[in-house]
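Everything below concerns the one structure shown next.
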Amino acid sequence: MELQLALDLVDIPQGIALVKEVESYIDIVEIGTPIVINEGLHAVKAMKEAFPNLKVLADLKVMDAGGYEVLKASEAGADIVTILAVAEDATIKGAVEEAKKQGGKKILVDMIGVKNLEQRAKEIDALGVDYICVHTGYDLQAEGESPFEALQTVKKVVKNSKTAVAGGIKLSTLAEVVKAQPDLVIVGGGITSQDDKQAVASQMQQLIKQG
Ligand SMILES: O=C(CO)[C@H](O)[C@H](O)COP(=O)(O)O
(Lines give C-alpha, C1' and ligand atoms only; values in the text may rest on other atoms or scores of the structure.)
Protein backbone atom coordinates (compact mmCIF):
# COMPACT_ATOMS: atom_id res chain seq x y z
CA MET A 1 0.00 0.00 0.00
CA GLU A 2 1.32 3.44 -0.96
CA LEU A 3 0.62 6.97 0.27
CA GLN A 4 0.04 9.84 -2.14
CA LEU A 5 0.06 13.46 -1.03
CA ALA A 6 -2.40 15.56 -3.03
CA LEU A 7 -1.46 19.21 -3.48
CA ASP A 8 -4.44 21.30 -4.58
CA LEU A 9 -4.68 24.77 -3.11
CA VAL A 10 -1.04 25.89 -3.30
CA ASP A 11 1.24 27.39 -5.92
CA ILE A 12 4.52 25.81 -7.08
CA PRO A 13 6.86 27.25 -4.36
CA GLN A 14 4.32 26.49 -1.62
CA GLY A 15 3.92 22.95 -2.98
CA ILE A 16 7.66 22.34 -3.03
CA ALA A 17 8.02 23.67 0.53
CA LEU A 18 5.21 21.40 1.67
CA VAL A 19 6.68 18.28 0.06
CA LYS A 20 10.07 19.04 1.67
CA GLU A 21 8.39 18.64 5.07
CA VAL A 22 6.91 15.22 4.37
CA GLU A 23 8.92 13.70 1.53
CA SER A 24 10.26 10.79 3.58
CA TYR A 25 6.74 9.64 4.46
CA ILE A 26 5.08 9.66 1.02
CA ASP A 27 5.49 7.62 -2.16
CA ILE A 28 3.75 9.84 -4.70
CA VAL A 29 3.13 13.58 -4.93
CA GLU A 30 0.04 14.70 -6.80
CA ILE A 31 -0.12 17.94 -8.72
CA GLY A 32 -3.85 18.49 -8.21
CA THR A 33 -6.26 19.74 -10.84
CA PRO A 34 -6.45 23.30 -9.44
CA ILE A 35 -2.65 23.65 -9.68
CA VAL A 36 -2.62 22.36 -13.25
CA ILE A 37 -5.37 24.85 -14.12
CA ASN A 38 -3.53 27.73 -12.43
CA GLU A 39 0.05 26.92 -13.38
CA GLY A 40 -0.07 24.38 -16.21
CA LEU A 41 2.23 21.40 -16.64
CA HIS A 42 5.15 23.57 -15.46
CA ALA A 43 4.08 22.55 -11.97
CA VAL A 44 4.63 18.87 -12.81
CA LYS A 45 8.06 19.65 -14.27
CA ALA A 46 9.08 21.76 -11.26
CA MET A 47 7.99 19.06 -8.79
CA LYS A 48 9.80 16.27 -10.65
CA GLU A 49 12.96 18.37 -10.84
CA ALA A 50 12.77 19.17 -7.12
CA PHE A 51 12.04 15.56 -6.08
CA PRO A 52 13.41 13.16 -8.73
CA ASN A 53 13.03 10.19 -6.35
CA LEU A 54 9.31 10.72 -5.78
CA LYS A 55 6.71 9.60 -8.30
CA VAL A 56 4.68 12.56 -9.59
CA LEU A 57 1.01 12.21 -10.50
CA ALA A 58 -0.57 14.79 -12.79
CA ASP A 59 -4.25 15.04 -11.86
CA LEU A 60 -5.40 16.18 -15.29
CA LYS A 61 -8.78 14.37 -15.06
CA VAL A 62 -8.57 13.83 -18.82
CA MET A 63 -11.93 13.58 -20.61
CA ASP A 64 -10.85 13.51 -24.28
CA ALA A 65 -7.70 13.16 -26.40
CA GLY A 66 -6.28 10.64 -23.92
CA GLY A 67 -3.13 9.84 -25.91
CA TYR A 68 -2.17 13.48 -26.49
CA GLU A 69 -2.73 14.55 -22.88
CA VAL A 70 -0.71 11.62 -21.54
CA LEU A 71 2.09 12.45 -23.99
CA LYS A 72 2.25 16.08 -22.79
CA ALA A 73 2.11 15.16 -19.09
CA SER A 74 4.81 12.51 -19.63
CA GLU A 75 7.04 15.05 -21.38
CA ALA A 76 6.65 17.28 -18.31
CA GLY A 77 7.85 14.43 -16.08
CA ALA A 78 4.63 12.85 -14.81
CA ASP A 79 4.86 9.21 -13.80
CA ILE A 80 1.09 8.78 -13.43
CA VAL A 81 -1.73 10.62 -15.24
CA THR A 82 -5.41 10.63 -14.30
CA ILE A 83 -8.29 10.01 -16.73
CA LEU A 84 -11.99 10.21 -15.88
CA ALA A 85 -13.94 6.95 -15.84
CA VAL A 86 -16.88 8.75 -17.48
CA ALA A 87 -14.74 9.37 -20.59
CA GLU A 88 -15.22 7.21 -23.67
CA ASP A 89 -13.46 3.84 -23.67
CA ALA A 90 -11.53 5.07 -26.73
CA THR A 91 -10.08 7.93 -24.64
CA ILE A 92 -9.02 5.56 -21.88
CA LYS A 93 -7.51 3.08 -24.38
CA GLY A 94 -5.59 5.92 -26.04
CA ALA A 95 -4.22 7.00 -22.68
CA VAL A 96 -3.13 3.45 -21.79
CA GLU A 97 -1.40 2.97 -25.17
CA GLU A 98 0.47 6.28 -24.89
CA ALA A 99 1.52 5.57 -21.30
CA LYS A 100 3.11 2.31 -22.47
CA LYS A 101 4.84 4.06 -25.39
CA GLN A 102 6.28 6.58 -22.93
CA GLY A 103 8.13 3.82 -21.12
CA GLY A 104 6.20 2.64 -18.15
CA LYS A 105 4.05 5.65 -17.33
CA LYS A 106 0.87 4.73 -15.43
CA ILE A 107 -2.80 5.57 -15.85
CA LEU A 108 -5.10 6.15 -12.89
CA VAL A 109 -8.80 6.21 -13.73
CA ASP A 110 -10.87 8.43 -11.43
CA MET A 111 -14.40 7.07 -10.81
CA ILE A 112 -15.72 10.48 -9.69
CA GLY A 113 -19.30 11.02 -10.87
CA VAL A 114 -19.84 7.40 -11.97
CA LYS A 115 -23.35 6.20 -11.09
CA ASN A 116 -23.05 2.49 -11.86
CA LEU A 117 -19.80 1.93 -10.04
CA GLU A 118 -19.68 -1.86 -10.18
CA GLN A 119 -20.42 -2.11 -13.91
CA ARG A 120 -18.03 0.70 -14.94
CA ALA A 121 -15.25 -0.61 -12.69
CA LYS A 122 -15.50 -4.02 -14.41
CA GLU A 123 -15.37 -2.37 -17.86
CA ILE A 124 -12.40 -0.19 -16.96
CA ASP A 125 -10.58 -3.08 -15.35
CA ALA A 126 -10.66 -4.79 -18.75
CA LEU A 127 -9.02 -1.79 -20.48
CA GLY A 128 -5.59 -2.38 -18.95
CA VAL A 129 -5.39 0.69 -16.70
CA ASP A 130 -3.00 0.69 -13.76
CA TYR A 131 -5.22 2.10 -11.02
CA ILE A 132 -8.97 2.44 -10.49
CA CYS A 133 -9.63 5.17 -7.93
CA VAL A 134 -12.86 5.76 -6.02
CA HIS A 135 -13.10 9.44 -5.23
CA THR A 136 -15.49 11.63 -3.31
CA GLY A 137 -14.81 15.13 -4.63
CA TYR A 138 -14.95 18.31 -2.59
CA ASP A 139 -18.55 19.10 -3.56
CA LEU A 140 -19.89 15.78 -2.23
CA GLN A 141 -17.54 15.85 0.79
CA ALA A 142 -19.33 19.10 1.67
CA GLU A 143 -22.59 17.12 1.68
CA GLY A 144 -21.12 14.60 4.14
CA GLU A 145 -20.19 11.86 1.63
CA SER A 146 -17.10 9.65 1.87
CA PRO A 147 -15.49 7.10 -0.48
CA PHE A 148 -15.32 4.16 1.93
CA GLU A 149 -18.36 2.19 0.72
CA ALA A 150 -17.39 2.76 -2.92
CA LEU A 151 -13.94 1.33 -2.20
CA GLN A 152 -15.46 -1.92 -0.97
CA THR A 153 -17.75 -2.14 -4.02
CA VAL A 154 -14.84 -1.65 -6.42
CA LYS A 155 -12.50 -3.97 -4.51
CA LYS A 156 -15.05 -6.80 -4.99
CA VAL A 157 -15.06 -6.59 -8.80
CA VAL A 158 -11.61 -5.36 -9.85
CA LYS A 159 -9.28 -8.20 -10.81
CA ASN A 160 -6.38 -6.68 -12.77
CA SER A 161 -5.90 -3.03 -11.84
CA LYS A 162 -4.69 -1.69 -8.53
CA THR A 163 -7.26 0.17 -6.43
CA ALA A 164 -6.96 3.67 -5.01
CA VAL A 165 -9.11 5.84 -2.77
CA ALA A 166 -9.42 9.61 -2.33
CA GLY A 167 -11.70 12.15 -0.78
CA GLY A 168 -11.41 13.68 2.64
CA ILE A 169 -9.26 10.95 4.21
CA LYS A 170 -7.87 11.99 7.59
CA LEU A 171 -5.67 10.36 10.22
CA SER A 172 -8.84 9.57 12.19
CA THR A 173 -10.43 7.70 9.25
CA LEU A 174 -7.31 6.11 7.80
CA ALA A 175 -7.57 2.87 9.80
CA GLU A 176 -10.99 2.18 8.25
CA VAL A 177 -9.54 2.81 4.79
CA VAL A 178 -6.52 0.58 5.40
CA LYS A 179 -8.83 -2.26 6.48
CA ALA A 180 -10.30 -2.30 2.97
CA GLN A 181 -6.77 -2.83 1.56
CA PRO A 182 -6.53 -0.38 -1.34
CA ASP A 183 -3.17 -0.30 -3.13
CA LEU A 184 -2.99 3.49 -2.96
CA VAL A 185 -4.33 5.97 -0.40
CA ILE A 186 -4.57 9.59 -1.55
CA VAL A 187 -4.60 12.32 1.10
CA GLY A 188 -4.79 16.07 0.52
CA GLY A 189 -6.25 18.27 3.25
CA GLY A 190 -5.75 15.48 5.82
CA ILE A 191 -2.06 16.42 5.67
CA THR A 192 -1.84 19.85 4.05
CA SER A 193 -4.25 21.55 6.47
CA GLN A 194 -2.55 20.21 9.60
CA ASP A 195 -0.24 22.34 11.76
CA ASP A 196 2.27 19.50 12.17
CA LYS A 197 2.23 18.00 8.68
CA GLN A 198 5.31 15.89 9.32
CA ALA A 199 3.83 14.21 12.41
CA VAL A 200 0.55 13.42 10.62
CA ALA A 201 2.27 12.13 7.48
CA SER A 202 4.57 9.98 9.59
CA GLN A 203 1.64 8.43 11.51
CA MET A 204 -0.20 7.86 8.26
CA GLN A 205 2.80 6.11 6.75
CA GLN A 206 3.04 3.87 9.84
CA LEU A 207 -0.64 2.86 9.61
CA ILE A 208 -0.26 2.16 5.91
CA LYS A 209 2.86 0.04 6.41
CA GLN A 210 1.18 -1.97 9.16
CA GLY A 211 -1.86 -2.50 6.94
O1 LIG B 1 -8.62 15.28 -6.63
C2 LIG B 1 -8.94 15.97 -5.69
C3 LIG B 1 -10.09 16.88 -5.75
O4 LIG B 1 -10.77 16.74 -6.97
C5 LIG B 1 -8.14 15.90 -4.40
O6 LIG B 1 -6.78 15.94 -4.71
C7 LIG B 1 -8.45 14.62 -3.65
O8 LIG B 1 -9.83 14.61 -3.31
C9 LIG B 1 -7.64 14.48 -2.37
O10 LIG B 1 -7.78 15.61 -1.57
P11 LIG B 1 -8.59 15.59 -0.16
O12 LIG B 1 -7.94 14.53 0.68
O13 LIG B 1 -8.36 16.97 0.39
O14 LIG B 1 -10.02 15.28 -0.47
Side-chain angles (χ1 to χ4, degrees), residues 1-12 14-16 18-19 21-22 25-41 43-44 47 54-63 69 73 78-87 95 106-114 117 129-151 154 162-178 180 182-205 207-208:
M1 204 181 301
E2 291 190 303
L3 177 60
Q4 174 173 313
L5 171 70
L7 299 174
D8 285 296
L9 306 175
V10 291
D11 59 19
I12 296 172
Q14 288 166 339
I16 288 176
L18 222 149
V19 175
E21 283 188 62
V22 299
Y25 308 112
I26 62 171
D27 304 288
I28 303 172
V29 57
E30 168 187 332
I31 301 298
T33 319
I35 304 185
V36 178
I37 288 170
N38 294 335
E39 315 244 13
L41 286 171
V44 172
M47 195 56 71
L54 281 181
K55 284 180 263 185
V56 174
L57 175 141
D59 192 16
L60 303 190
K61 295 191 173 76
V62 171
M63 189 63 183
E69 302 289 5
D79 301 289
I80 308 171
V81 184
T82 67
I83 314 290
L84 293 179
V86 291
K106 308 285 184 208
I107 297 299
L108 180 146
V109 172
D110 188 333
M111 302 298 282
I112 193 167
V114 169
L117 204 55
V129 309
D130 299 286
Y131 296 89
I132 295 179
C133 179
V134 293
H135 180 195
T136 303
Y138 293 135
D139 298 336
L140 287 192
Q141 285 180 42
E143 293 179 11
E145 303 251 341
S146 79
F148 310 137
E149 208 182 305
L151 175 60
V154 163
K162 292 180 173 177
T163 54
V165 56
I169 298 168
K170 308 213 166 348
L171 188 54
S172 57
T173 52
L174 184 59
E176 187 185 347
V177 174
V178 167
D183 298 287
L184 175 62
V185 179
I186 301 171
V187 181
I191 294 174
T192 59
S193 68
Q194 303 302 309
D195 290 335
D196 193 344
K197 299 170 187 39
Q198 214 167 58
V200 173
S202 156
Q203 288 173 68
M204 284 189 158
Q205 187 199 44
L207 276 175
I208 281 174

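Numbering of ligands and ligand atoms starts at 1, following listing order.
Judged as a side-chain contact (heavy atoms from CB on, under 4.5 Å), and not counting sequence neighbours, the contacts of Lys106 are Ile80, Asp130, Tyr131. Remark: Asp183 engages no residue in a salt bridge (Lys or Arg N to Asp or Glu O under 4.0 Å) (not counting sequence neighbours). With sequence neighbours left out, Ala43 forms a side-chain contact (heavy atoms from CB on, under 4.5 Å) with Ile12, Ile31, Ile35, Glu39.
Listed by chain and residue number, the protein contacts of ligand 1 are Ala6, Asp8, Glu30, Asp59, Lys61, His135, Tyr138, Gln141, Gly167, Gly168, Val187, Gly188, Gly189 (heavy atom within 4.0 angstrom).
Checked by atom type and distance alone, the side chain of Gln198 pairs as donor or acceptor with a backbone atom of Glu21 at under 3.5 Å.
Evaluated for a side-chain contact (heavy atoms from CB on, under 4.5 Å) with Pro182, the options Ile186, Leu184, Val185 yield exactly one hit, Val185.
Around CD of Glu149, the count of heavy atoms belonging to other residues, nucleotides or ligands within 6.0 Å does not exceed 12.
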